[in-house]
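Shown next, in structure tokens, is the structure this report addresses.
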Amino acid sequence: MTKEATKTTLDQSSIIVVEGAGANEMNGEYTRASDDSWGRPIWTHKTDSQYQLWWENNSWMLGRRSKYYIVHSDAKLPPLKGWQRGHSSWSLGAIPTIYAKDAPREVNIPFIIMVENAGDKSVNGEYKRAGSYSGKPQWNKTEDPAFYVWYRPEDGGHWRIGKTNDYYYICPGATNLPPESGWEVGKEAFGGRYTWCPNNAGGPVPTTRRLS
């Protein structure tokens, strides 16, 4: 794997990035809200304001009142580590990674990503690192170079698997690397906005696996 700089410390003006959460709808960018909670800043999801990052009862929380991750801390700013599943933990899945968008940190970029388990078998296989696109790494399928895994910033950010104008599968979220789960059939993502996606792309949706 190669290492590239991305982000680390927070301050009150930071845009906070949440990635890797099992509750995929909570992934994305959070911006500073105009109000506070118990003297501490609040951040709100950039595209879905029901999700916030806030402090109460000696804990920082990420999500919404009935469904959230939590870290017990009296810190003035949200901790980057120590998060756990909170209320409705059965539906939250993986613990998220949290960081400031504009502060440097190292991210391991895999040279190979495996796409597996897709209903459309043509996308399955080995993808090798092939430069960057939209400021994030992209991968090209070894056996059929017409296929890519790549990132686009539209609709709050999302990853695509497919060809240049054929988005077979889409995963919402502005993560640094393509998510391992949470993919959707391309023509069904974002309320069917990408209706030109191939009709043969269907479920089950793929998973990705990062190799060397």
Side-chain angles (χ1 to χ4, degrees), residues 1-4 6-7 17-29 45-48 51 91-97 99 101 106-212:
M1 294 189 181
T2 59
K3 291 185 177 181
E4 295 187 6
T6 66
K7 342 223 172 218
V17 178
V18 174
E19 66 178 36
N24 188 61
E25 65 274 16
M26 297 185 195
N27 292 323
E29 295 183 1
H45 196 288
K46 200 170 181 179
T47 59
D48 191 343
Y51 296 109
S91 63
L92 290 174
I95 303 297
T97 299
Y99 56 85
K101 181 177 181 180
E106 285 187 339
V107 172
N108 289 321
I109 308 286
F111 181 65
I112 294 173
I113 283 182
M114 298 298 297
V115 175
E116 301 168 320
N117 306 310
D120 188 317
K121 306 300 183 186
S122 64
V123 307
N124 291 330
E126 177 187 87
Y127 289 68
K128 291 183 178 179
R129 177 76 189 275
S132 299
Y133 192 86
S134 298
K136 297 183 188 289
Q138 70 173 358
W139 292 261
N140 192 206
K141 190 175 182 183
T142 305
E143 295 180 353
D144 186 347
F147 284 90
Y148 286 87
V149 177
W150 79 106
Y151 174 81
R152 291 291 301 184
E154 294 90 350
D155 299 300
H158 61 277
W159 287 89
R160 298 172 177 175
I161 301 174
K163 301 177 182 179
T164 303
N165 294 310
D166 289 330
Y167 318 141
Y168 286 49
Y169 299 97
I170 288 175
C171 190
T175 56
N176 285 320
L177 297 175
E180 295 181 344
S181 60
W183 293 86
E184 302 175 36
V185 174
K187 60 179 175 285
E188 298 173 359
F190 300 112
R193 179 174 303 180
Y194 300 110
T195 54
W196 56 85
C197 293
N199 291 328
N200 61 326
V205 295
T207 58
T208 69
R209 184 163 51 93
R210 301 164 191 168
L211 301 182
S212 59

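For the numbers below, each heavy atom of this structure counts, side chains included, while hydrogens, waters and symmetry mates do not.
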Hey, is the main chain of [Y] close enough, under 3.5 Å, to the side chain of [X] for a donor-acceptor pair?
X    : Y    : answer
T175 : E19  : no
K187 : A201 : yes
K141 : S122 : yes
W139 : P110 : yes
R210 : E180 : no
Y168 : G202 : no

In the structure I gave you, are the side-chain heavy atoms of [X] and [Y] within less than 4.5 Å of one another anywhere?
X    : Y    : value
E25  : D48  : no
Y169 : R160 : no
V18  : P96  : yes
I161 : F147 : no
N24  : P172 : yes
P137 : L177 : yes

*For side-chain contact (heavy atoms from CB on, under 4.5 Å), just list the numbers for F190 and E154, CA-CA rounded to whole Å, side-chain angles, deciding distance to a tenth of an Å, and then say yes or no.*
CA-CA 11 Å; F190 300 112; E154 294 90 350; over 6 Å; no
Approximate separation, where rounding is to 0.5 Å, of [X] [atom1] and [Y] [atom2]:
X    : Y    : atom1 : atom2 : answer
E126 : E143 : CD    : CD    : 8.0 Å
E116 : K121 : CD    : NZ    : 11.0 Å
K46  : E29  : NZ    : CD    : 4.5 Å
K163 : D144 : NZ    : CG    : 6.0 Å
T208 : I113 : OG1   : CD1   : 5.5 Å

Looking at every non-hydrogen atom in both residues, tell me the closest pair between [X] and [Y] and how far apart they are.
X    : Y    : answer
C171 : G182 : SG-O, 3.4 Å
V185 : G203 : CG2-N, 3.9 Å
A21  : N27  : N-OD1, 2.9 Å
W159 : G173 : CD1-O, 3.8 Å

*asked:* Going by side chain to side chain contact (heavy atoms under 4.5 Å, CB included), Y127 matches just one of N140, V115, L211. Which one?
replied: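 It is V115, the one option of N140, V115, L211 that forms the side chain to side chain contact (heavy atoms under 4.5 Å, CB included) with Y127.
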*Mind running side-chain contact (heavy atoms from CB on, under 4.5 Å) on Q138 and Y151 for me, showing each step along the way?*
CA-CA 7 Å; Q138 70 173 358; Y151 174 81; over 6 Å; no
*What is the ring orientation for W150 with Y167, classed by angle as parallel under 30°, tilted 30 to 60°, or perpendicular over 60°?*
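Ring orientation, 0 to 90° scale: perpendicular.
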_Is the distance between the ring centroids of Y133 and Y148 under 6.0 Å?_
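No, they do not, as the ring centres are separated by 6.0 Å or more.
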